[in-house]
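To start, the structure under review is shown below, and the notes come after it.
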Amino acid sequence: CTLSMNLRYHIFIFITVLGLLPLAILLATSLPQGLRQLDNAAQQETIARAQSRHTKLVARVTGLKKSITRLAAVPAASDLTRYPTTINHDRIIHLSRDWFKDDTQIIAIQVVDAIGNELLHMSRQEGRFIPRDRSSLVTIEQSPPFLHGTQLYKDAVFVGITKQAEPANQAQPHTLFLVAPIVNGQDMTLGMTILTVDLGSFLQDFTDSLWLAPDLSPLNTIPDFQSFSTPPELTDRSRINADIIITESPGSINKMGWLPLSFNPDHRPILWIASPVDMSGSARWKQAITRNIIIIVAITGFVVFTLAHFIASHVLKIKTEIVRGLQHILHGETAFQFSWSGPQELQHLARDLTNVGENYVTAQAERQQAETALHESEDNFRCLTSAALDGIIMMNKQGDITFWNKAAETFFGYSATEAIGQPIHALVDPKRLETGEDLFDKGTDTTYHDIIPLHATRKDGSEIQLELSLSAASLSDQWHAIWIIRDITERIHNEEKNRIQQQQLIQADKMISLGLLVAGVAHEINNPNSIILLNTPHLRRNWQSALPILEEFYADNGDFQMGGLEYTEMKTRIPKLIADIEEGGLRIKQIVSDLKDYAKQDTGHRLTAISINDVARAAIRLTHNKVKSSTHHFNIKLADNLPQFSGNSQRLEQVVINLINNSCESLTDMDKGITITSSFDSIKNLVKLTVQDEGTGINSQSLTKITDPFYTSKRSLGGTGLGLSVSAGIIEEHHGLLHFDSKVGVGTSASIIFKPLGNNT
């Protein structure tokens, strides 16, 4: 039934399209032209009606312009602006009543002087003009009529729209105004006359249209106009008057005719008149066309559906026989035959289907035998791989896992269900151990014939180091990679541990050699320095003995030269020079002593009661030159009376020297500082020494590795990565704590913390 309905549907669609195609072509070529003609006719009718009404408006405005120009030109008007007397006032009232008594659209007449003061204001009440009391006259210097009137020349009239402050007609608060200047014989503007026209009376021929201000805001309310479109052309103020614009509302077939009203020389519209285009004729014609198309389509559909049903019924009969025959073949009946009468095509189809059925039964028997053999082979393979201690993984050409044995589950933490079908790099991310290069950089078709060291990631995020034997195989005519994996994490760890120990031995040997060299150099420096320290007191005593004689000579002969300098200057400088020589010699002696103590070989790690301040001072003296060349701001804040703790001062000096050197090397310029502080926390009972710098800082990832052996960020500068590793070991031997706190771009703080004597860690 499904086949019959689908076939009937396709036949119906095909024949219907062929039958209706000529009708569609006819409608596509003729219908748009007819609709355009009807639309054009409706548009022309709207344009003609608007132009006729516009002509009447122009004539009406022309008459108003002549009237206001004549009123502004009478001598009484200019006299009123210069001499606002009662006589001139009454004369203008009399003239206005005579000239405008029958023009009911004029609702007010005003005469103002050149600065905007009202001299006369008449409003129409009950059919006649009533003047406003002269004491009630106001100033209109900021009103639109006055502002436009100040820009006019002789015999010019401006027409505009304005909104009344206190409209008499609440339904239409906007009015039309005409303003003309009052000038004297020298063309000087003395004032102006203003006519106010009721906008509803003025536009009485357009009551079925929408009125819009120049900013396109509505001036009236028309129920039929729920929405209207505003084309971009309406913003062009240079269009001439009576140029009708036809627009179409977005998403609608309704059209509007736009008439710009402009009665001024610059042709700027003072308002827009929007009138609907009558599209009723076009709509009726469209309805008739639609009705006829529906009738034709319905008749055509019925005829085509009957024909499609007839053809589909015959096809359904053949389909039923084919399905029944295939069911017999699937059950292994090789003797079943298809047999149909009719055209030769059906007879040939029956013979071909019979041959296909026989071939299918034979192929099924051979397939069952092959599947049995394959299942036996798969069982043997699973037993072998499950017992293997090495991980065995198979991967297809796309990099997806196709096999995952028990050892692989143990290595990586993923079960076979989680792993099979997933990209191998997404699960374990294998990379070469030496270079970190992705194993798949050269493509999955690459076959290696040697053992590849790798490191990969377990399910829990930890890393595992592997030894991979990679080969390729073709399964079901598809390329597969076979991975045989062995966990060598422990072996690599032991090798790395041995390598680190060897490096430490080499470094220790270098330090012993350096210590011997330092001891020799210190001895050589001590000999000449001892001579300096021995002779300096004799030099001071000799000077003091000679000083009275020199003073007596100075008193008798005045100032004199000694070694190229005045005696009065030498008298103060020589004692200071002798003191500086003695101080420098003592400093050399102290530095040499510190170097000999630092270089002294300590085989027993003997612990004594020491002060953290003494350790800090010795380290500062030994790193004096390093600090001096690294920063201008070196601060020492050592607390007094700190409790002693048990330690080896020589080895702890090595730790503090390492911390100071690291701080110096982290500074980016000489303005960055280093601060060394010591303190005692009486609550926690801890002695603390902190070396804080304003260097580049250490990121959080590197901060966890800085005490690892051979980890260094200064490899290119000769760093070995053993300084902080050895320091951490020394602090651990003293049962202390080495703590780092750092922020990138701000600096690093390194602290060593100990328990005082009499306290157990």
Side-chain angles (χ1 to χ4, degrees), residues 514-600 608-642 644 649-650 652-654 656-657 660-661 664 670 673-678:
L514 180 61
L516 294 175
L517 180 62
V518 168
V521 172
H523 179 73
E524 293 299 325
I525 293 175
N526 244 349
N527 290 334
N529 190 60
S530 297
I531 297 173
I532 295 173
L533 292 176
L534 183 62
N535 292 329
T536 302
H538 294 292
L539 184 62
R540 181 184 293 109
R541 287 195 297 272
N542 290 335
W543 167 256
Q544 290 174 351
S545 298
L547 191 59
I549 300 172
L550 295 174
E551 283 291 333
E552 183 179 352
F553 185 81
Y554 171 72
D556 296 337
N557 301 286
D559 206 354
F560 57 92
Q561 295 283 330
M562 287 186 65
L565 295 176
E566 300 292 337
Y567 166 72
T568 53
E569 182 178 356
M570 290 293 293
K571 182 173 64 174
T572 59
R573 289 189 61 181
I574 287 179
K576 187 176 184 304
L577 291 174
I578 296 173
D580 289 345
I581 292 172
E582 187 174 20
E583 182 183 353
L586 292 173
R587 186 164 175 236
I588 292 173
K589 183 178 180 180
Q590 181 64 51
I591 291 173
V592 169
S593 176
D594 291 340
L595 283 174
K596 291 173 69 176
D597 290 341
Y598 181 70
K600 187 185 301 179
T608 60
I610 61 174
S611 169
I612 195 66
N613 286 350
D614 293 340
V615 173
R617 292 188 184 99
I620 292 169
R621 287 194 294 269
L622 292 176
T623 56
H624 174 74
N625 288 337
K626 179 76 171 180
V627 172
K628 186 177 180 181
S629 63
S630 300
T631 178
H632 294 317
H633 305 283
F634 183 68
N635 303 309
I636 304 172
K637 301 177 181 178
L638 302 180
D640 297 328
N641 302 320
L642 295 181
Q644 294 184 331
S649 59
Q650 179 189 1
L652 290 177
E653 285 175 20
Q654 181 180 352
V656 179
I657 288 171
I660 294 175
N661 284 335
C664 291
M670 298 286 286
I674 298 176
T675 302
I676 298 179
T677 59
S678 64

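Atom set for the values below is all heavy atoms of this structure, side chains included, hydrogens, waters and symmetry mates excluded. Just so you know, residue 1 is the first one in the sequence shown, and it goes up from there.
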Taking all non-hydrogen atoms of both residues into account, name the closest pair between [X] and [Y] and its distance.
X      : Y      : result
Gln644 : Ala609 : OE1-CB, 3.5 Å
Glu653 : Ala618 : OE2-CB, 3.4 Å
Cys664 : Ser630 : CB-OG, 3.4 Å

[atom1]/[X] to [atom2]/[Y] distance, rounded to the nearest 0.5 angstrom?
X      : Y      : atom1 : atom2 : value
Ile636 : Thr677 : CD1   : OG1   : 11.0 Å
Ile674 : Thr631 : CD1   : OG1   : 5.5 Å
Phe634 : His624 : CZ    : NE2   : 9.5 Å
Leu550 : Met562 : CG    : CE    : 5.0 Å
Thr572 : Leu577 : OG1   : CG    : 9.5 Å
Ile612 : Leu642 : CD1   : CG    : 8.5 Å

Query raised in the report: What residues, two or more places apart in sequence or in another chain, satisfy salt bridge (charged side-chain N to carboxylate O under 4.0 Å, His left out) together with Arg573?
Result: Glu569
Query raised in the report: Of all residues at least two apart in sequence or in a different chain, which pass the salt bridge (charged side-chain N to carboxylate O under 4.0 Å, His left out) check with Lys637?
Result: none
**Report entry** side-chain contact (heavy atoms from CB on, under 4.5 Å) assessment of Ile620 paired with Val627
**Finding:** CA-CA 8 Å; Ile620 292 169; Val627 172; over 6 Å; no
Query raised in the report: Are side-chain N/O atoms of Arg541 and His538 paired as donor and acceptor at under 3.5 Å?
Result: yes
Report summary line: Sorted by chain and number, sequence neighbours left out, ring pair (Phe, Tyr, Trp, His ring centres under 6.0 Å) with Phe553 holds for Phe560
Report task. Kindly indicate whether the side chain of Leu622, heavy atoms from C-beta on, has any atom under 4.5 Å from the side chain of Ile660. Result -> no
Requested in this report: May I ask you to test the Arg617-Leu638 pair for a side-chain heavy-atom distance under 4.5 Å?
Outcome: yes
Query raised in the report: Which pairs count as salt bridge (Lys or Arg N to Asp or Glu O under 4.0 Å) when at least one residue sits in residues 526-536, sequence neighbours excluded?
Result: none
Query raised in the report: Applying salt bridge (Lys or Arg N to Asp or Glu O under 4.0 Å), which residue pairs with at least one partner in residues 547-568 are found, sequence neighbours left out?
Result: Glu551-Lys571
Query raised in the report: Is it true that a side-chain atom of Asn613 and a backbone atom of Asp640 form a donor plus acceptor pair closer than 3.5 Å?
Result: no
Query raised in the report: How would you list, by chain and number, every residue that makes a side-chain contact (heavy atoms from CB on, under 4.5 Å) with Ile578, sequence neighbours excluded?
Result: Thr536, Leu539, Arg540, Trp543, Ile574
